[in-house]
Participant: 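Mind looking over this structure? Questions follow.
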Number of protein chains: 2
Amino acid sequence: MNEREELIRDIPLLARLPEDDVRALASRGRVRSYASGTVIFQEGDPGDSLYIVIEGSVRIVVSSAKGEEATVALLGPGECVGDLALLDGRPRSASAIAAEHSRALVVTREEFSRWLTQRPKAAFALLETLSLRVRRTDEALTDFAFLDLAHRLAKRLLDLANAQRDVQARGALAPGARIRTTQAELGSMLGASRESVNKQLNMFAREGWIALSRGSVTLLDPEALRTFA
Amino acid sequence: MNEREELIRDIPLLARLPEDDVRALASRGRVRSYASGTVIFQEGDPGDSLYIVIEGSVRIVVSSAKGEEATVALLGPGECVGDLALLDGRPRSASAIAAEHSRALVVTREEFSRWLTQRPKAAFALLETLSLRVRRTDEALTDFAFLDLAHRLAKRLLDLANAQRDVQARGALAPGARIRTTQAELGSMLGASRESVNKQLNMFAREGWIALSRGSVTLLDPEALRTFA
DNA sequence: GCCGCTATGTGAAGTGCTTCACAGTAGGCA
DNA sequence: TGCCTACTGTGAAGCACTTCACATAGCGGC
């Protein structure tokens with residue numbers, strides 16, 4: 001199994017597939033590089049490809065009528081960008097921007113759907129994964145309705161730490177997990193201002209739950225954060 | 001085509017299926033009745049059936065740690081309750097309560113998955129539909145991040161009017177559409193208090209866009225509402 | 001080593017929504 | 001018929017978060 005195949009095995013959208021299916025898909029892709037800041041695709045574009053991040057990271061961004069931006073997701077190696085467009089044929093609902101120098105495996109719509117029709121079992125795995133995704137989004141939605149910024153922030157920090165752990169080793173969440181993100185970024189993920197996020201982070205820091213430094217947040221006491229959230 | 005089959009043709013989850021697939025699924029179901037207020041299933045229950053509303057309506061409700069409730073969805077005839085659990089095997093993420101006297105077609109997990117394995121094309125249709133659903137939820141999420149109550153409320157009123165239209169005749173959205181819901185219900189859908197919703201509705205009414213009465217909202221000028229939202 | 005950019009930290013004023021408190025009203029039902 | 005309950009309408013006080021304004025600090029490039 002080569003680099004590409006190993007990679008695909010780990011991506012959430014496809015993780016549940018049998019190995020030969022994965023191999024077949026990997027063989028169809030083409031690797032491309034993106035410099036930091038490159039726009040991979042923009043909101044409204046026709047969605048004709050799937051991108052699987054190999055290295056680096058990709059920000060998924062939506063923008064409001066007034067030009068504000070919200071970061072919907074930050075995807076790292078092994079994760080999947082632009083999968084929905086391949087399944088339903090709709091235009092992109094968000095833009096994707098390389099957050100650092102990144103490489104991705106690009107699979108076109110034709111390649112993907114040829115692959116999918118040849119492997120009916122893959123469709124079941126995808127159904128399962130998509131439905132898990134609906135659940136997660138629904139949960140985020142109710143969090144918005146019920147929780148204040150402090151609690152949403154705590155949850156998000158744990159999520160981000162977990163996502164990083166998934167990509168690297170997959171042990172339990174150890175104290176000391178370091179999340180690389182700016183406070184402005186966190187704000188845009190949480191639908192809050194940078195200033196509010198800063199004040200809240202400093203409260204957590206005063207509790208001794210996290211440590212702050214330029215460009216990153218370190219979880220000192222994930223357990224405490226979890227009970228709080 | 002009998003009542004059951006006609007019904008299934010119109011449900012969002014299954015609408016894109018070929019007719020014989022629909023017929024096959026309909027034949028497997030069993031019709032059940034629920035008195036107003038009956039709990040059909042509860043958050044945390046194992047999810048072993050799919051419910052397709054035949055008549056009446058069903059509220060999908062999640063509750064927070066503090067016991068507050070939010071109405072995630074209000075599903076009418078032709079809509080699908082508890083579909084996710086069948087696809088991913090997870091427990092119910094929300095409760096379903098009959099909002100009035102209702103009847104539903106119940107399909108068990110075994111029946112559903114036997115049906116699905118026999119019909120590979122159905123899986124593609126479901127993938128497409130589910131991915132549309134992810135998009136809608138994502139949109140709701142960004143609305144929460146960007147929009148204030150007034151705009152979210154305007155959008156929701158239009159959505160509700162559209163959903164009703166889908167179920168009845170499927171023409172354009174005519175002025176005069178009447179939405180049956182209390183203001184408390186609207187609040188719980190929007191993550192806002194009843195009082196705020198009331199004040200906002202009255203602002204819309206003063207503009208002449210809607211008319212209020214006990215237990216319902218009537219859209220007088222959907223176009224104006226749309227440009228506002 | 002210094003300049004300039006970007007990120008962080010923090011206070012003051014403003015705003016949108018909540019909660020509370022209460023008054024009015026429509027409709028179901030005894 | 002009249003009562004009771006659920007829904008609607010509204011003002012006042014409070015709170016969470018925003019916006020604005022500015023100070024400070026790390027870091028890369030020259």
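Reckoned from all heavy atoms, side chains included, excluding hydrogens, waters and symmetry mates. Source: prediction; values computed, not measured. Below, read A as the first sequence line, B as the second, and so on, with proteins coming before strands; counting in each chain starts at 1.
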Participant: Whole-Å distance between C:dT18 C1' and B:Leu149 CG?
Facilitator: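 Taking CG of B:Leu149 and C1' of C:dT18, I get 11 Å after rounding.
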Participant: Rounded to the nearest 0.5 Å, how far apart are NZ of A:Lys155 and CZ of A:Arg226?
Facilitator: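 The distance works out to 10.5 Å.
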Participant: Send over the distance from A:Phe144 CZ to C:dC17 P, rounded to a whole Å.
Facilitator: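 Distance, rounded to whole Å: 14 Å.
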Participant: Can a side chain N or O of A:Gln183 be found less than 4.0 Å away from OP1 or OP2 on C:dT6?
Facilitator: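 Result: no.
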Participant: Nearest whole Å is fine: how far is D:dG9 P from B:Asn202 CG?
Facilitator: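 Value for this atom pair: 5 Å.
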Participant: Separation of A:Ile210 atom CD1 from C:dG9 atom C1', in whole Å?
Facilitator: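 Distance check: A:Ile210 CD1 to C:dG9 C1' gives 14 Å.
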Participant: Please report the distance, rounded to the nearest Å, between NZ in A:Lys199 and P in D:dA21.
Facilitator: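 One finds 14 Å between P of D:dA21 and NZ of A:Lys199, rounded.
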Participant: To the nearest angstrom, how far is B:Leu201 atom CG from D:dC7 atom C1'?
Facilitator: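 Taking atom C1' of D:dC7 as the reference, CG of B:Leu201 is at 13 Å.
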Participant: What's the spacing between B:Ser196 OG and B:Leu190 CG if we round to 0.5 Å?
Facilitator: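 Between B:Ser196 OG and B:Leu190 CG, I get 10.5 Å after rounding to 0.5 Å.
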Participant: Is a side-chain N or O of A:Thr71 found less than 3.5 angstrom from the main chain of A:Ser188, in a donor-acceptor match?
Facilitator: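 Not confirmed, A:Thr71 side chain does not pair with A:Ser188 backbone.
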Participant: Does B:Gly187 reach a base, just sugar-phosphate, or nothing at all? Heavy atoms under 4.0 Å.
Facilitator: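 B:Gly187: no heavy atom of the nucleic acid under 4.0 Å.
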Participant: Kindly say if B:Asn198 contacts the phosphate of D:dT8, meaning a side-chain N or O under 4.0 Å from OP1 or OP2.
Facilitator: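 Indeed not, no polar side-chain atom of B:Asn198 lies that close.
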Participant: Check whether any side-chain nitrogen or oxygen of A:Ser196 sits under 4.0 Å from OP1 or OP2 of D:dC17, and answer yes or no.
Facilitator: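 So the side chain of A:Ser196 is outside the cut-off, no N or O lying under 4.0 Å from OP1 or OP2 of D:dC17.
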Participant: Whole-Å distance between D:dC17 C1' and B:Asp148 CG?
Facilitator: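 From B:Asp148 CG to D:dC17 C1': 14 Å.
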Participant: If you round to the nearest 0.5 Å, how far is CD1 of B:Ile60 from CE of B:Met189?
Facilitator: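 If I round to the nearest 0.5 Å, the distance is 11.5 Å.
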Participant: Nearest whole Å is fine: how far is C:dG11 P from A:Arg194 CZ?
Facilitator: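 So the CZ-P distance, A:Arg194 to C:dG11, works out to 13 Å.
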Participant: Nearest to the A:Thr182 side chain among C:dT18, C:dG9, C:dT8, which nucleotide is it?
Facilitator: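 The nucleotide sitting nearest to the side chain is C:dT8.
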Participant: Can B:Asp83 and B:Arg133 be counted as an ion pair, charged N to O under 4.0 angstrom?
Facilitator: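 Salt bridge between B:Asp83 and B:Arg133, a charged N being under 4.0 Å from a carboxylate O: yes.
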Participant: Would you mind telling me which of D:dG9, C:dC17, C:dG9 lies closest to the side-chain atoms of B:Leu212?
Facilitator: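 Given the options D:dG9, C:dC17, C:dG9, the side chain of B:Leu212 is closest to D:dG9.
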Participant: Choosing from C:dA7, D:dT18, D:dA6, which nucleotide comes nearest the side chain of B:Arg214?
Facilitator: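 For B:Arg214, the side-chain atoms sit closest to D:dA6.
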Participant: Has the side chain of B:Glu195 got a donor or acceptor that lies under 3.5 Å from a partner of the other kind on the base of C:dC17?
Facilitator: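 No.
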